Amino acid sequence: MARITASVYTSHVPAIGAAVDLGKTEEPYWKPLFEGYEYAKQWIKDNPPDVVFLVYNDHASAFSLDLIPTFAIGTAAEFEIADEGWGPRPVPKVYGYPELASHIAQSVIQDDFDLTIANKLPVDHGLTVPLTLMYGQPEEWPCKVIPFAVNVVQYPVPSGKRCFELGQAIRRAVESFDKDLNVQIWGTGGMSHQLQGARAGLINQEWDNQFLDRLIEDPAGLAEVPHIEYVREAGSEGIELVMWLIARGAMADVVGGAKPTVKKRFYHVPASNTAVGHLILEDN
Ligand code: DHB
Ligand code: FE
């Protein structure tokens with residue numbers, strides 16, 4: 001059977017991707033940030049997933065105000081790198097896993113979560129920056145990736161509770177796939193940031209760190225936090241953090257299993273306009 005073995009959480013700031021692509025990782029501004037991901041790069045070499053179920057948000061690259069799916073699962077065999085205005089990032093194409101993605105869609109939709117099926121889904125920095133942070137600059141990404149896009153851009157956005165429950169449904173779906181696969185689930189975006197308006201530049205380190213504490217220790221309680229608190233405390237784009245609850249909901253302890261082990265916790269301010277958070281939780 002397929003198994004979810006770990007969850008990974010990370011911010012996806014586009015300037016991080018540009019820093020790697022332009023060879024700036026050793027510059028004083030960036031060095032401390034990339035040092036925080038050294039552990040992750042070794043860890044993923046030691047614990048290579050067959051598939052990453054990558055929860056992220058599209059930033060008006062694949063979708064626009066014309067069409068706004070709340071949850072979209074990428075079922076294609078390949079995903080192009082989106083052109084976000086400066087040409088596509090120079091990173092390898094993303095290869096999907098149509099058989100598993102379709103199985104998850106079948107299972108999760110029959111479990112009452114209405115997913116949109118995306119057979120064509122150019123992927124933007126929301127997906128490629130986490131891959132870069134974990135894998136660096138390989139010729140090919142060493143695993144299959146199932147992109148799972150969540151609308152956190154245009155209101156109304158899904159609640160933390162809905163995301164947490166969806167994570168549980170994704171775990172059930174993966175565990176009912178009849179093939180031996182090591183699957184990781186990644187929750188991306190955040191942490192506190194606001195890119196526009198009077199509060200542009202907002203960062204709330206205290207709230208972010210409480211979020212990390214609660215994500216580890218009390219995810220069910222954290223899932224009750226209403227979206228308005230994310231916006232008030234973590235800025236208008238801080239709402240991206242609800243996506244972390246999808247990944248956390250897929251861990252074993254949520255359904256009575258053992259607590260996950262915290263393999264890495266990292267927090268860094270700032271990267272561009274954003275507080276960067278990163279966690280690795282391994283299931284036991
Ligand atoms: C920034 C952060 C984001 O999450 C994003 O999608 C775009 C920009 C930033 O901090 O610059
Ligand atoms: Fe973003």
Side-chain angles (χ1 to χ4, degrees), residues 1-9 49-58 62-63 67-79 94-121 123 126-127 130 143-153 156-189 215 219-220 222-224 227 239-257 260 281 283:
M1 290 311 214
R3 285 177 315 125
I4 292 188
T5 55
S7 52
V8 174
Y9 308 81
D50 300 304
V51 188
V52 170
F53 189 91
L54 207 161
V55 181
Y56 77 110
N57 69 291
D58 178 75
F63 305 119
L67 182 66
I68 307 166
T70 302
F71 300 116
I73 185 164
T75 44
E78 304 181 6
F79 302 93
V94 170
Y95 288 94
Y97 199 142
E99 202 188 350
L100 176 58
S102 303
H103 169 82
I104 294 172
Q106 159 76 20
S107 174
V108 168
I109 290 170
Q110 289 304 317
D111 222 347
D112 299 336
F113 291 88
D114 305 320
L115 307 186
T116 297
I117 310 294
N119 287 315
K120 185 172 182 196
L121 185 64
V123 288
L127 183 134
C143 60
K144 308 274 195 205
V145 178
I146 299 178
F148 190 85
V150 179
N151 169 42
V152 286
V153 169
V157 298
S159 67
K161 183 165 179 284
R162 183 79 173 148
C163 290
F164 190 57
E165 287 169 358
L166 174 56
Q168 295 166 48
I170 292 165
R171 182 182 181 88
R172 289 191 288 275
V174 169
E175 288 186 333
S176 62
F177 188 66
D178 193 11
K179 209 172 220 182
D180 263 337
L181 291 175
N182 177 338
V183 181
Q184 289 180 7
I185 182 163
W186 295 7
T188 67
L215 191 75
L222 183 64
E224 298 295 330
H227 76 271
I239 189 65
E240 289 180 346
L241 283 168
V242 288
M243 296 185 288
W244 293 30
L245 283 162
I246 297 180
R248 187 63 181 89
M251 294 279 87
D253 64 326
V254 175
V255 284
L281 302 184
D283 248 347

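Just so it is clear, the model here is predicted, and its values are computed rather than measured.
To the nearest 0.5 Å, atom CD of residue E78 and atom NZ of residue K120 are 12.5 Å apart. From L54, atom CG reaches atom CE of M243 across 10.0 Å, with rounding to the nearest 0.5 Å. If you take OH on Y97 and CD1 on I146, they are separated by 8.5 Å, rounding to the nearest 0.5 Å. Note that the CG atom of D111 and the CD atom of E165 stand 10.5 Å from one another [nearest 0.5 Å]. Going from atom CD1 of I185 over to atom CG of L281 covers 11.5 Å, rounded to the nearest 0.5 Å. The distance from the CZ atom of R162 to the OG1 atom of T70 is 9.0 Å, given to the nearest 0.5 Å.
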Worked check of side-chain contact (heavy atoms from CB on, under 4.5 Å) between Q184 and I4 = CA-CA 5 Å; Q184 289 180 7; I4 292 188; over 6 Å; no
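The main-chain N or O of N182 is found under 3.5 Å from a side-chain atom of D50 such that the two form a donor-acceptor pair. Between the side chain of S176 and the backbone N or O of A173 there is at least one donor-acceptor pair closer than 3.5 Å. In this structure, the side chain of N57 does not engage the main chain of N151 through any donor-acceptor pair within 3.5 Å. Judged by distance alone, the side chain of S107 and the main-chain N or O of H103 form no donor-acceptor pair under 3.5 Å. The backbone N or O of F63 lies less than 3.5 Å from a partner atom in the side chain of D58, making a donor-acceptor pair.
Between F71 and I246 there is a side-chain heavy-atom pair separated by less than 4.5 Å. In this structure, I170 and F113 have side chains that are not in contact, with every pair of non-hydrogen atoms separated by 4.5 Å or more. When side chains are defined from C-beta on, D283 counts as touching R171, because their heavy atoms get closer than 4.5 Å. Using a 4.5 Å heavy-atom threshold, the side chains of H227 and V242 count as separate. Counting only heavy atoms from C-beta outward, the side chains of I109 and I117 approach each other to under 4.5 Å. Taking the side chain as every heavy atom from C-beta outward, F177 and V183 never approach each other to under 4.5 Å.
For the pairing with Y56, the side chain to side chain contact (heavy atoms under 4.5 Å, CB included) check across V145, V150, T188, V152 returns one residue only, T188.
Nearest heavy-atom pair, G189 versus W244, reported as atom, atom and distance to 0.1 Å: O-NE1, 3.0 Å. Considering every non-hydrogen atom in both L127 and P147, the closest pair reads CD1-CB, 3.6 Å. Residues A105 and L115 approach most closely at CA-CD1, 4.2 Å, considering heavy atoms. For A223 against L245, the heavy-atom pair with the smallest separation is CA-CD1, 4.0 Å. Between K144 and G96, the shortest heavy-atom distance links the atoms CD-O, 3.2 Å.
Using the six-membered ring where Trp is involved, F53 and F148 have ring planes that are tilted, between 30° and 60° apart.
A salt bridge links D253 with R248: at least one charged nitrogen is closer than 4.0 Å to a carboxylate oxygen.
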